[in-house]
Each structure stands twice: as structure tokens, then as C-alpha cells.
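The first residue in the sequence is number 1, and the count goes up from there.
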Amino acid sequence: MLVTNHVLSGAVIGAATSRRPASAFALGVLSHFVLDAVPHWGKWKGRPNFMEVAVPDGLAGLAVMGTMTALAPRDARLAVLAGMAGAALPDLDKPSVVFFGRSPFPRTWDRIHLGIQHEAPHYLKYEVAAAVLFCTAAVGLLRGFRRG
């Protein structure tokens, strides 16, 4: 799953667990593994092809984090940020391997993370559907907080 979708799902979790940042973070991490187990876009043809997707996706994920944090009401902001951070955390292995040559996680963690992936190039439609669903849910929840 693209990190942007993980971040969007984390925003939904943070908004739903408002005022409970520790729960939002833990549920965000758990959601990452759940989303990676469903069919999603992937199976890159080597590092250059992966980087063509990973760099813009990482930047989009950061932009989404900033946007959702700004949209969140002050009393829900920490939970929203924690949900997004937890949901993105397991993918820190990828830039860590690129820049430092190794994952920051134990081998067992990495083995589980890699083993649950259900990727294929023709699953882009699932990535797009997930982005629309999570973005709509996150914005709806956060706008509802502002009204209520």
C-alpha cells in the first residue's frame, strides 16, 4: 500500500480516537499491517522503478500529514498526528534501507511485514479506491469535529 494511503487511514483512526493519541498510534501501526495484507499496487521492476513511485508518494504522504494536522481541531490534533505517524511507521524500513543500507526494525518484524504483502502491478485501482475512501472519511470526520 502506498504510504499516502497509510497516512490517510491513520488520519481516520486519529479522528475516530480523538483525544487518545496513544490508542491512535497503536491502532495506526496495526492498520498498516491490515492494509498491507489486502491486494495493493506493487511488485516493482527494481530500485529505479520503485524510487519513481516512492519519492512522490513519500512527499504526498508528508503533504497529507500537514494538511490533516491543520484540518484537525486543536483538541484532536495530537491524536490525528499520532494515528498518521503510527500508520506510516512500518514503512520507515524503505528509506532506511536506501540511505543507511539496513532496516531499523528487527528481522522478525521485517519478515512479517514482507510476508503479508499482496502486491501486483494491476492493483492500482485498489490504491486509488483506498485513497478516495480514506480521504473522504478523514475530511468528513474532521469537518464534523469542527461543526460539533
[X] side chain near [Y] side chain, heavy-atom distance below 4.5 Å:
X: H113; Y: F33; answer: yes
X: M68; Y: L142; answer: yes
X: L2; Y: V53; answer: yes
X: L81; Y: M84; answer: yes
X: S103; Y: S96; answer: no
X: L35; Y: N5; answer: no
X: F25; Y: I13; answer: no

Which atom pair, heavy atoms only, marks the closest approach of [X] to [Y]?
X: V3; Y: A88; result: CG2-CB, 4.1 Å
X: R77; Y: A70; result: NH2-O, 4.1 Å
X: F134; Y: V12; result: O-CG2, 3.4 Å
X: A72; Y: V80; result: CB-CG2, 3.9 Å
X: E119; Y: Q117; result: OE2-OE1, 3.5 Å
X: A15; Y: L141; result: CB-CB, 3.8 Å

Between [X] and [Y], is there shared hydrophobic-cluster membership here, with clusters defined by ILVMFWY side-chain heavy atoms closer than 4.5 Å?
X: L92; Y: I116; answer: yes
X: L59; Y: W41; answer: yes
X: L114; Y: F105; answer: no
X: M51; Y: L124; answer: yes
X: W109; Y: M1; answer: no

Y123 and H118 aromatic centres sub-6.0 Å: yes

Could you check whether K94 pairs with D91 (Lys NZ or Arg NE/NH1/NH2 to Asp/Glu carboxylate O, under 4.0 Å)? yes

Which residue pairs satisfy the side-chain hydrogen bond (donor to acceptor under 3.5 Å, both in side chains) criterion with at least one member in residues 54-67, sequence neighbours excluded? T4-D57

When rounded to the nearest 0.5 angstrom, what is the spacing between CG in D110 and CZ in R102? 9.0 Å

Quick one: side-chain contact (heavy atoms from CB on, under 4.5 Å) partners of A87, sequence neighbours excluded? H6, S9, S31

